[in-house]
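Proteins get letters first, then strands, A, B, ... in listed order; numbering begins at 1 in each.
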Amino acid sequence: MKAIFWKEVKSYFYSPMAYILIGLFILLTSIIFMPYLRYGYGLFNNVLETMGFILIVVIPILTMRILAEDRKHGTEVLLITSPVNITSIVVGKFLAVYFVFFVMTALTFVYPIVMVAFGAKFTAQLVGGYIGFLLLGATYIAVGVFASSLTENQVIAVIISYVSLLIMWLADSVSTLVGGFVAKVLNWFSILSRYDDFNRGILGLSPVVYYLSFTAVFLFLTVRVIEKRRWSQG
Amino acid sequence: MIEIQNLTKRYGQITAVNNISFTVDKGEILGFLGPNGAGKSTTMNIITGYIPSTEGTVKVDGYDILESPREVKKRIGFLPEQPPVYMDMTVIDYLNFVADLKKVDKKQKRSQISDIMELVKIGDHRNRLIKNLSKGYKQRVGLAQALVGSPEVLILDEPTVGLDPKQIIEIRKLIKALGKEHTIILSSHILPEVSAVCERIVIINKGEIAAIDTPENLSKGLGSASKLTATISGPRSSVENAIREIYGVKYVEATSSRDSDTTTYVIESDKDVDIRKPLFFAMARLGYPIIELKSLSMSLEDIFLQIVTEEKEVG
């Protein structure tokens, strides 16, 4: 697991990939952050919420290659025939993406630090917001990793993750329109409704468990997809 | 070292490998020969644990691949048809990664990797990106990868495919040298390769084993007849009749005529009879000069083709 983690982290940072995506993310968040600085809004959590949406753009590009590439170039054989089980392969790769995401997020700490330095209050709400953001990222990455396991084509992987994440993003507003059973199902996938609590400064156990189990379920599905393909392929 | 019993692999309706059994002894180099699509790669993928079998067992050093995959995988170095290299890594980074993946001891890692690089002669390219290497060097990096972790068993799927003749000879030499310390299964669809390197050959066709033997025994045992070609001047029908009367001749066929009275014949006779002398005297008596006489020993190539086509006729 450690070997895979470091290999993937290196391959992100040795290629322009990580820099371009981190740059893009910082650029977009800066644009959002600018008016706050200019007009002196005190609450950073609104920025965080928009950053959550930008993640939908960034994460699928980050995850698209993570498993699809191995399959396409035949390096999957090396991983599977080495004395490592598939779960540690998937978790190692997930953590590598998460590491890049974490670096990306850590860079945005600058914004609230600037705000606090110029007189805004350092609140628990801010800490809660970031915890929520880090958990939200984990679920997005898990979905992206899963999409990448479905195909050897990176473009298809990225499209699958975009569609799934957008559905998850819209689930909340759609469910209020339809109501009934469909609404219940959609609510289950509504990642955002749980995110609101964090931004209000409420750190409940249930959204934390929700995010973590959502991540775990998608990683588990990824392992199953790889296992299943081993049984059916030549 | 490797025991394969009743191995079967099916994909839906298609049976890729059908009830294969054989064993490989410690230190042996076994050749796995068959036309493309015969099930060689499938069998190798099953032995290495890349894909599971439908039925049957594979045991390496007493461990079953399905029951204790980790123990088996530790003992196997695998070079698949397409070398499993990361194009955007340097050779040394890649080998370090493989060593970590195979949990090679930290202290041994460095010396082991430099030994392997020296063995497969890629030391000069250690800091180059793999995507910039030639096909031959990529193959070597793939082989190096299989050697990392000093596994007892090496499984090499068409290791010389796509290489130039000089590289092929080098890789063969290397495999022979590795055979002193490792048990090796090597697949190929090229016969001379297998007969040059291997001590024993498994011929596989359409997912079934067609023959298992040493290269020598295969060429001895399977040729049930010896063949010669003779170019003789004389009227075709009387020459044919005269040849048929020679003791031991099984079959005569005129293949080509150079001019009106010179014809080339292919003559098949029983294996243990040499008909060249009686043929000469018979033709001398009739006054038909023999222009050319050549014995056609059956090469492994012929045997391979014979086995493969016989199978086809039966099936």
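Within the model, atoms NZ of A:Lys10 and CE of B:Met89 stand 6.5 Å from one another, a figure rounded to the nearest 0.5 Å. Between B:Ile51 atom CD1 and A:Thr81 atom OG1 the span is 12.0 Å, to the nearest 0.5 Å. In this structure, NZ in A:Lys7 is found 10.0 Å from OH in B:Tyr94, a value given to the nearest 0.5 Å. Note: B:Asp88 CG to A:Arg65 CZ = 7.0 Å, rounded to the nearest 0.5 Å.
By the neighbour-count criterion of 12 heavy atoms within 6.0 Å, atom CZ of A:Phe220 is sparsely surrounded, having that number or fewer from other residues, nucleotides or ligands. The environment of CZ in A:Phe181 is sparse: at most 12 heavy-atom neighbours from other residues, nucleotides or ligands sit within 6.0 Å. With a 6.0 Å radius and a threshold of 12 heavy atoms from other residues, nucleotides or ligands, A:Lys2 has its NZ atom at or below the threshold. When the shell of 6.0 Å around NZ of B:Lys59 is examined, it contains 12 or fewer heavy atoms from other residues, nucleotides or ligands. Counting non-hydrogen atoms of neighbouring residues, nucleotides and ligands closer than 6.0 angstrom, the CD atom of A:Glu227 exceeds 12 such neighbours. Residue-environment remark: NZ (B:Lys103) exceeds the threshold of 12 foreign heavy atoms within 6.0 Å. Crowding of B:Arg126 atom CZ: a count of heavy atoms from other residues, nucleotides or ligands under 6.0 Å not exceeding 12.
Heavy atoms of B:Ser53 lying under 4.5 Å from chain A belong exclusively to its backbone. Contacts between B:Val72 and chain A at a heavy-atom distance below 4.5 Å are absent for every atom of the residue. Proximity to chain A is limited to the side chain of B:Gln145, based on heavy atoms less than 4.5 angstrom apart. Only the side chain of B:Phe78 comes within contact range of chain A, with at least one heavy atom under 4.5 Å from a heavy atom of that chain. For A:Asn85, the parts sitting under 4.5 Å from any heavy atom of chain B are the backbone and the side chain alike.
Heavy-atom minimum distance, A:Gly74 versus B:Pro84: O-CB, 3.5 Å. Closest heavy-atom contact between B:Leu101 and A:Ala3: N-CB, 3.8 Å.
Between the side chains of B:Tyr50 and A:Glu76, at least one donor-acceptor pair of N or O atoms lies under 3.5 Å. Between the side chains of A:Tyr14 and B:Asp93, no donor N or O sits under 3.5 Å from an acceptor N or O.
At least one side-chain heavy atom of B:Phe97 sits under 4.5 Å from a side-chain heavy atom of A:Ile4.
With chain A as partner, the option from B:Pro52, B:Gly77, B:Gly49 having the largest number of non-hydrogen pairs under 4.5 angstrom is B:Pro52.
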Test side chain to side chain contact (heavy atoms under 4.5 Å, CB included) applied to B:Asp100 and A:Trp6, step by step = CA-CA 10 Å; B:Asp100 290 339; A:Trp6 283 116; over 6 Å; no
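Remark: A:Arg194 pairs with no residue by the salt bridge (charged side-chain N to carboxylate O under 4.0 Å, His left out) rule, at least two apart or across chains. B:Asp115 pairs by the salt bridge (charged side-chain N to carboxylate O under 4.0 Å, His left out) definition with nothing, not counting sequence neighbours.
Of the possible donor and acceptor atoms, none in the side chain of B:Arg70 sits under 3.5 Å from a partner among the backbone N and O of A:Val84. Without hydrogens or angle criteria, B:Lys74 side chain to A:Ser82 main chain gives no donor-acceptor distance under 3.5 Å.
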